[in-house]
Amino acid sequence: MTRQKTALVTGGNRGIGLEICRQLAADDIKVILAARDLQKGDKAIAKLDNPLISCIQLDVTNDADLQSLSSKLESRELVVDILVNNAGISQGIRYSILNEPKELTEQTMDINFFGALRLSQIVVPFMQKNHFGRVVNISSGHGSFSKMDKRNPGYRFSKVAMNAMTVMLADEVKNDNILVNAMTPGWVRTRLGGLNAHRNVEEGAETAVWLCLLDHDGPNGEFFKDKATFAW
C-alpha cells in the first residue's frame, strides 16, 4: 500500500500559502501548515475545515523552531515528502537600490532566502534517505534578471538568491528522485500583492501545486509561471 504523501508549507496561514494548502489537501495530500503565529495558523485551519490539514508553529528565522522541527514531526509520525518554501515579506517599492536601510534588506533576506535555505538543509536530507521529494520555492518575477529594476532591492536580492539556491539544490539531489523547482505566482491579490493585483490566489497557487505533484520524470532546477518556463 502506497503511503500518503505529506507536504510542509511555510507561511501557510494566509494568501498563496493558505491556498496551496487547500489545493494540496484537495488532491489527498496530508498538509502541515507552518505558521509563525500558532493562533493564526489554527484560525486558518478552521477556515479550511479539512482533516488532512494540521498546523505547526514555525518561524523560519528562529533557531529553536528549526532545531525542534524534526522532533515535532517525529512526534506526529510525519515524514515530509513535499516542501513548499513560501514564507516571505516585502518592503514594497518605497525604497530603491540607493536608499533601502541595511536592516530592512537583512530582514528580508533572512526570511525570504536564509529561512528557505536553512529549512531545506533540514528537510532535504530526510528526502534523500527516503529517495523521494519535491521542493517548490515560491519566487517572483522580481527575482528575474529579465524583469530587474531599481525598486524593492532587498526583496529582489532575496528572490535572485532563492533562484540560485533552486538550481544548486536541484543539482545536489538530481540522482535521488527529488525535484527542486521555483515558480512565480505573478501579481496576486494578497496582503503582500495588494488589492489592485489582477490575479486571484487560486491562480497564484496553481503552478506551485502542479510542481508539488510532479511525476518522477518531471522538470528539475527550472523556473515557472503558469506551468510554463520563465526567464531567470
request  = Report the C-alpha separation of Glu100 and Gln91 in whole Å, then their side-chain angles, then the decisive distance to 0.1 Å, and conclude whether the side chain to side chain contact (heavy atoms under 4.5 Å, CB included) test is met.
outcome  = CA-CA 9 Å; Glu100 183 172 270; Gln91 307 300 339; 4.0 Å; yes

key: Test log, rule side chain to side chain contact (heavy atoms under 4.5 Å, CB included), inputs Met127 and Val80   = CA-CA 7 Å; Met127 292 180 174; Val80 177; 4.3 Å; yes

query = So, are Asp65 and Arg36 salt-bridged, with charged N and O less than 4.0 Å apart?
reply = no

task = Start with the C-alpha gap between Gln107 and Glu103, add the side-chain angles, then the distance that decides, and say whether side-chain hydrogen bond (donor to acceptor under 3.5 Å, both in side chains) holds.
result = CA-CA 6 Å; Gln107 180 189 38; Glu103 61 271 18; over 6 Å; no

request  = Decide yes or no for Arg118 and Asp63: does some side-chain heavy atom of the first lie under 4.5 Å from some side-chain heavy atom of the second?
outcome  = yes

inquiry  = Donor-acceptor check, side chain of Thr207 to backbone of Lys227, threshold 3.5 angstrom: yes or no?
reply    = yes

ask   = ring pair (Phe, Tyr, Trp, His ring centres under 6.0 Å) with Phe157: which residues, sequence neighbours excluded?
value = none

request  = I would like to know whether Asn181 and Glu222 meet side-chain hydrogen bond (donor to acceptor under 3.5 Å, both in side chains); could you show each step before the answer?
outcome  = CA-CA 5 Å; Asn181 292 285; Glu222 298 185 27; over 6 Å; no

query = Does atom NZ of Lys72 have more than 12 heavy-atom neighbours, drawn from other residues, nucleotides or ligands, at distances under 6.0 Å?
reply = yes

inquiry  = Strictly below 4.0 Å, N to O, side chains only: are Asp81 and Arg3 in salt-bridge contact?
reply    = yes

message = Can you tell me how far apart OG1 (Thr229) and CE (Met183) are? Round to the nearest 0.5 Å.
response = 13.5 Å

note = Here the gap from Ile16 atom CD1 to Glu203 atom CD, rounded to the nearest 0.5 Å, amounts to 11.0 Å

request  = Mark yes or no for whether Asp176, through its side chain, and Ile178, through its backbone, hold a donor-acceptor pair below 3.5 Å.
outcome  = no

task = Evaluate whether atom CG of Leu38 has more than 12 neighbouring non-hydrogen atoms of other residues, nucleotides or ligands under 6.0 angstrom away.
result = yes

request  = Compare every heavy atom of Pro219 with every heavy atom of Phe224, then report the nearest pair and how far apart it is.
outcome  = CZ-CG, 3.5 Å

query = Any salt bridge between Lys5 and Asp28, counting N to O under 4.0 Å?
reply = no

Side-chain donor/acceptor of Arg156 to backbone N/O of His142, under 3.5 Å = yes

For the student: nearest non-hydrogen atoms of Ala161 and Met109, plus distance = CB-CE, 4.3 Å

message = Rounded at 0.5 Å granularity, tell me how far CG in Leu78 sits from CG in Leu73.
response = 6.0 Å

remark   = Heavy-atom closest pair (Ser146 atom, Ala231 atom, distance to 0.1 Å) is OG-CB, 3.8 Å

message = Please verify the inter-ring angle class for Phe223 with Phe230; under 30° counts as parallel, over 60° as perpendicular, anything in between as tilted.
response = perpendicular

ask   = Can you tell me if CD on Glu77 sees more than 12 non-hydrogen neighbours from other groups inside 6.0 Å?
value = no

message = Please determine whether side chain to side chain contact (heavy atoms under 4.5 Å, CB included) holds for the pair Val31 and Ser54, giving the CA-CA distance in whole Å, both sets of side-chain angles, and the decisive distance to 0.1 Å.
response = CA-CA 6 Å; Val31 178; Ser54 60; over 6 Å; no

inquiry  = Whether the Thr10 and Asn86 side chains hold a donor-acceptor pair (N or O, under 3.5 Å, no angle test) is what I'd like checked.
reply    = no

ask   = Can you tell me how far the CE atom of Met165 sits from the OG atom of Ser120, to the nearest 0.5 Å?
value = 4.0 Å

Within 6.0 angstrom of Gln128 CD, more than 12 heavy atoms from elsewhere = yes

task = May I ask you to decide if Ala170's main-chain N or O and Asn220's side chain share a donor-acceptor pair within less than 3.5 Å?
result = yes

request  = Inspect the contact between Arg22 and Glu202 and indicate whether a charged nitrogen and a carboxylate oxygen are less than 4.0 angstrom apart.
outcome  = no

task = May I ask you to check whether Thr61 and Asp59 show a side-chain donor-acceptor distance below 3.5 Å?
result = yes

message = Can you tell whether the side chains of Arg14 and Asp37 come within less than 4.0 Å, N to carboxylate O?
response = no

task = State the CD1-CE distance between Ile97 and Met148, to the nearest 0.5 angstrom.
result = 9.5 Å

query = Is the side chain of Asn62 donor-acceptor paired with the backbone N or O of Ala64 at a distance under 3.5 Å, no angle test?
reply = yes

task = Indicate, with yes or no, if Val160 and Phe113 share a hydrophobic cluster defined by side-chain heavy-atom contacts under 4.5 Å among Ile, Leu, Val, Met, Phe, Trp and Tyr.
result = no

task = Flag yes if Met162 and Leu83 sit in one hydrophobic cluster, no otherwise; membership is Ile, Leu, Val, Met, Phe, Trp, Tyr, and two members link when side-chain heavy atoms are under 4.5 Å apart.
result = no

query = Does Asn177 use its side chain to pair, donor to acceptor, with the backbone of His131 at less than 3.5 Å?
reply = yes

task = Kindly indicate, with the supporting measurements, whether the criterion side chain to side chain contact (heavy atoms under 4.5 Å, CB included) is fulfilled by Leu213 and Leu24.
result = CA-CA 9 Å; Leu213 304 177; Leu24 285 173; 4.3 Å; yes

task = Examine distances only and state if a side-chain atom of Asn112 and a backbone atom of Ile89 form a donor-acceptor pair shorter than 3.5 Å.
result = yes

task = Give a yes or no on this: more than 12 heavy atoms of other residues, nucleotides or ligands lie within 6.0 Å of atom CZ of Phe126.
result = no

Interatomic distance, Ile20 atom CD1 to Leu33 atom CG [nearest 0.5 angstrom] = 10.5 Å

